[in-house]
Undergrad: 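Dropping a structure here in structure tokens format, bear with me for questions.
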Amino acid sequence: MSINPHAGHSPEAQDLAHLPRLVSRYYSEQPDPSDPAQQVAFGTSGHRGSSLKTSFNEWHILATTQAICEYRHREGISGPLFIGMDTHALSEPAFVSALEVLAANGVEVRIDAGCEETGGEPGYTPTPALSHAIIEYNQGRESGLADGIVITPSHNPPVDGGFKYNPPNGGPADTDITKWVQERANALLTARLEGVKRVSYADALAAETTQRFDFMDSYISGLDQIIDMDAIRESGLSFGVDPLGGAGVHYWPRIAKHYSLPLEVISTTVDPTFRFMRLDWDGRIRMDCSSPYAMAGLIENKDRFDVSFACDTDHDRHGIVSRSAGLLNPNHYLAVAIEYLFTHRPQWGDNMAIGKTLVSSSMIDRVAKGLGRQVVEVPVGFKWFVNGLTDGSLGFGGEESAGASFLTKDGSVWSTDKDGIILGLLAAEITAVTGKDPGQRYQALTEQHGAPVYARVDAPADRDQKARLGKLSPDQVTADSLAGHPITRILTEAPGNGASIGGLKVETDAGWFAARPSGTEDVYKIYAESFEGEGHLKQIQEEAKALVDQVLAG
């Protein structure tokens with residue numbers, strides 16, 4: 001991975017999105033449904049694209065929303081649909097398009113109530129706030145269930161748009177749902193939107209089925225059920241948060257005021273060019289709160305606070321900056337959060353397990369073993385944690401890409417989608433309660449369990465090779481050692497639920513690697529970790545690539 005020389009620096013004028021062009025292309029360009037690059041395509045986090053590439057345009061949203069309406073009817077989902085958007089430039093146009101279709105289909109819709117900062121217009125809704133609203137509404141109901149739409153491309157660059165569906169469980173839709181919606185949406189594109197119902201935006205706003213909902217109050221008023229706000233308030237410490245111009249930008253000042261927290265909101269600026277961000281590793285603007293380049297501004301101010309944190313644009317991911325260690329690697333903070341929660345939540349049951357994705361750090365396994373807790377290891381994707389969080393069998397679910405959620409103090413479900421807000425506040429709680437920031441807590445874990453090094457690299461692979469990688473069986477791997485250590489386990493299915501991992505994971509007592517094909521590029525990804533240092537990690541990576549290339553060559 002080549003680092004752009006401007007990474008970590010403020011953008012120049014030429015780095016900024018041309019917003020008039022971006023929005024006008026949303027309305028003026030029509031996708032070619034015969035071109036796979038211009039079709040509706042649901043990945044792990046919904047349909048994403050850009051109007052500049054004719055991959056996220058008005059037709060995509062009209063067709064996808066109509067498909068969701070038909071899916072709801074097919075499944076008998078008759079409660080309200082909660083819909084929220086983030087601060088990307090394409091999110092509000094997509095919100096307008098979606099509402100026009102939802103109203104025309106007679107769907108009862110709950111839109112953001114707006115606030116002073118938005119002049120009463122529908123405001124921005126973090127993904128976890130929408131998930132929480134769905135769960136709260138459906139509590140105790142067996143029929144008339146609610147679901148939702150989140151309009152966000154997550155931390156992607158300013159020119160991107162995103163659109164995802166959350167069913168009544170409040171979490172990301174599973175592949176059986178997204179496959180149906182995707183195929184129906186593309187059929188509607190092929191039919192040039194024949195079959196799409198639509199009214200004007202003015203009529204949609206005025207429709208009896210369109211109702212205002214205070215997402216902000218619903219979410220914020222319950223935060224003391226999951227975070228020890230008293231400890232933060234009475235700590236005598238100072239905390240900082242940077243919303244990175246995202247959907248929680250108006251939430252943080254209210255959280256601080258509602259609970260009288262010593263929390264400084266560093267910026268409340270909303271600017272769809274995101275010109276206040278630092279350039280990411282490749283010289284692009286990206287609101288990635290786990291990137292040391294994108295987070296350079298907050299890192300430079302780390303000594304102003306006892307701990308500070310940020311969230312990506314839809315606030316489902318977290319970035320934690322400690323005074324002792326700077327920006328924590330997401331894997332490191334997951335281990336810290338797990339160790340703290342399972343020793344400071346006395347009402348959590350003894351049988352409550354820990355959920356992790358198979359490409360997350362083995363430090364989590366070592367911490368779990370020390371806690372006497374079971375680890376449920378699942379494929380990549382937060383959707384695999386939804387059922388466990390819902391039924392309380394998982395106290396925590398987290399993935400290596402800085403996304404996690406956990407249960408309330410009494411073991412009830414809070415959010416079945418990733419929640420960057422509570423992970424940030426948890427960092428403040430940890431520091432307040434223990435007197436040590438998350439960086440210091442992680443250092444203590446390494447002294448107990450070892451200090452792993454972790455990295456991800458990409459390697460070229462064409463479509464056929466990626467397909468072969470996704471269908472590997474363990475017996476195709478003939479090696480019996482990896483980087484000088486005996487192989488202890490070869491996985492093509494996740495041990496936590498038996499689901500296919502769409503690739504391969506090879507483990508030893510000293511490290512592991514996992515290889516999976518990319519869903520968007522002609523590459524496969526190698527995740528690797530070693531408990532014996534950088535040199536050993538490099539050896540694992542080299543042997544992993546050679547092993548996978550040998551398998552791919554047939």
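Being a predicted model, the structure only gives us computed values, none of them experimental.
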Undergrad: For a side chain to side chain contact (heavy atoms under 4.5 Å, CB included) check, start with the C-alpha distance between S415 and Y219, then their side-chain angles and the critical distance, and finish with the verdict.
TA: CA-CA 10 Å; S415 167; Y219 181 86; 6.0 Å; no
Undergrad: Applying side chain to side chain contact (heavy atoms under 4.5 Å, CB included), run through T175 and F42 and close with a yes or a no.
TA: CA-CA 9 Å; T175 49; F42 274 77; over 6 Å; no
Undergrad: Out of curiosity, L504 CG to E493 CD, how far, rounded to the nearest 0.5 Å?
TA: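 Nearest 0.5 Å value for the CG-CD distance: 12.5 Å.
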Undergrad: Go through R345 and E429 one step at a time and tell me if the salt bridge (charged side-chain N to carboxylate O under 4.0 Å, His left out) criterion holds.
TA: CA-CA 12 Å; R345 293 295 186 266; E429 179 188 330; 3.0 Å; yes
Undergrad: W414 and side chain to side chain contact (heavy atoms under 4.5 Å, CB included): which single residue from L407, L223, I135, L389 fits?
TA: L223
Undergrad: Under the salt bridge (charged side-chain N to carboxylate O under 4.0 Å, His left out) rule, what do E117 and R254 come out as? Steps first, then yes or no, please.
TA: CA-CA 12 Å; E117 292 88 342; R254 282 165 175 75; 3.0 Å; yes
Undergrad: Test salt bridge (charged side-chain N to carboxylate O under 4.0 Å, His left out) on K164 and D417 and set out the steps.
TA: CA-CA 12 Å; K164 64 179 186 176; D417 215 325; 3.6 Å; yes
Undergrad: Restricting to salt bridge (charged side-chain N to carboxylate O under 4.0 Å, His left out), what partner residues turn up for D86, sequence neighbours left out?
TA: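 For D86 there are no salt bridge (charged side-chain N to carboxylate O under 4.0 Å, His left out) partners, ignoring immediate neighbours.
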Undergrad: For salt bridge (charged side-chain N to carboxylate O under 4.0 Å, His left out), just list the numbers for E399 and K418, CA-CA rounded to whole Å, side-chain angles, deciding distance to a tenth of an Å, and then say yes or no.
TA: CA-CA 9 Å; E399 53 186 10; K418 296 172 288 191; 3.2 Å; yes
Undergrad: For the residue pair T269 / D271, report whether a side-chain donor-acceptor contact shorter than 3.5 Å exists.
TA: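 There is no such pair (donor and acceptor under 3.5 Å, judged by atom type) between the side chains of D271 and T269.
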Undergrad: In terms of the angle between their ring planes, are F309 and W252 parallel, tilted or perpendicular, with boundaries placed at 30° and 60°?
TA: tilted
Undergrad: Looking at every heavy atom in both A173 and T178, which two are closest together, and how far apart are they?
TA: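 A173 and T178 have their closest heavy atoms at CB-CG2, 3.8 Å.
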Undergrad: When you compare the side chain of V159 with that of F56, does any pair of heavy atoms fall below 4.5 Å?
TA: no
Undergrad: Side chain to side chain donor-acceptor pair (under 3.5 Å) with Q66: which residues, sequence neighbours excluded?
TA: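 Q66: side chain to side chain donor-acceptor pair (under 3.5 Å) contacts with E70, N105.
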Undergrad: Within the structure provided, determine whether Y124 and V270 are in side-chain contact (heavy-atom separation under 4.5 Å).
TA: yes
Undergrad: Quick check: do F163 and T65 have side-chain heavy atoms less than 4.5 Å from each other?
TA: yes
Undergrad: Within this structure, what is the CG-OG distance for the pair N57 and S97, rounded to the nearest 0.5 Å?
TA: 10.0 Å
Undergrad: Taking all atoms of both residues into account, what is the closest heavy-atom pair of P31 and L189, and its distance?
TA: CG-CD2, 4.1 Å
Undergrad: For residues 201-230, which residue pairs pass the salt bridge (Lys or Arg N to Asp or Glu O under 4.0 Å) check, not counting sequence neighbours?
TA: D230-R233
Undergrad: With side chains defined as the heavy atoms from C-beta onward, is the minimum distance between T268 and V265 less than 4.5 Å?
TA: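 Contact flag for T268/V265 side chains = yes.
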Undergrad: For residues S154 and D312, is any side-chain donor paired with an opposing acceptor at under 3.5 Å?
TA: yes
Undergrad: Closer than 4.0 angstrom, basic N to acidic O: yes or no for K505 and E377?
TA: yes
Undergrad: Please confirm whether the ring centroid of Y26 lies under 6.0 Å from the ring centroid of W59.
TA: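 No - the distance between ring centres of Y26 and W59 does not fall below the 6.0 Å cut-off.
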Undergrad: Hey, would you say the W348 and F396 ring centroids sit under 6.0 Å apart?
TA: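 Judged by ring-centre distance (under 6.0 Å), W348 and F396 do not meet the cut-off.
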Undergrad: Set out, in order, the CA-CA distance, both residues' side-chain angles and the distance that settles side chain to side chain donor-acceptor pair (under 3.5 Å) for S218 and E136, then state yes or no.
TA: CA-CA 9 Å; S218 172; E136 286 285 291; 5.7 Å; no
Undergrad: Can you confirm whether H332 sits close enough to I320 that some side-chain heavy atom of one is under 4.5 Å from a side-chain heavy atom of the other?
TA: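 No, their side chains stay 4.5 Å or more apart.
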Undergrad: For E58, check side chain to side chain donor-acceptor pair (under 3.5 Å) against everything at least two apart and list the hits.
TA: R198
Undergrad: Considering residues at least two apart in sequence or located in another chain, which fulfil the salt bridge (charged side-chain N to carboxylate O under 4.0 Å, His left out) criterion with D419?
TA: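 Partners of D419 under the salt bridge (charged side-chain N to carboxylate O under 4.0 Å, His left out) test: none.
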Undergrad: Applying side chain to side chain donor-acceptor pair (under 3.5 Å), name anything that partners S291, two or more places apart in sequence or on another chain.
TA: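 Side chain to side chain donor-acceptor pair (under 3.5 Å) list for S291, sorted by chain: D280.
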Undergrad: Please assess D316 against V150 for the test side chain to side chain contact (heavy atoms under 4.5 Å, CB included), listing each intermediate value before the final yes or no.
TA: CA-CA 11 Å; D316 70 342; V150 188; over 6 Å; no
Undergrad: Quick one: OG1 on T343 to CD1 on I338, what's the gap to the nearest 0.5 Å?
TA: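 Answer for the OG1-CD1 pair, T343 versus I338, is 11.5 Å.
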Undergrad: Check for me whether the distance between the ring centres of H88 and F274 falls short of 6.0 Å.
TA: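 Yes, ring centres under 6.0 Å apart.
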Undergrad: So, is the end of the R141 side chain (NZ or CZ) under 6.0 Å from the ring centre of Y137 and within 45° of the ring's axis?
TA: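 Judged by the rule, R141 and Y137 form a cation-pi pair.
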Undergrad: Between Y340 and H344, does the ring centre distance come in under 6.0 Å?
TA: yes
Undergrad: When you compare the side chain of R516 with that of L469, does any pair of heavy atoms fall below 4.5 Å?
TA: no
Undergrad: In this structure, is the centre-to-centre distance between the rings of Y333 and H318 below 6.0 Å?
TA: yes
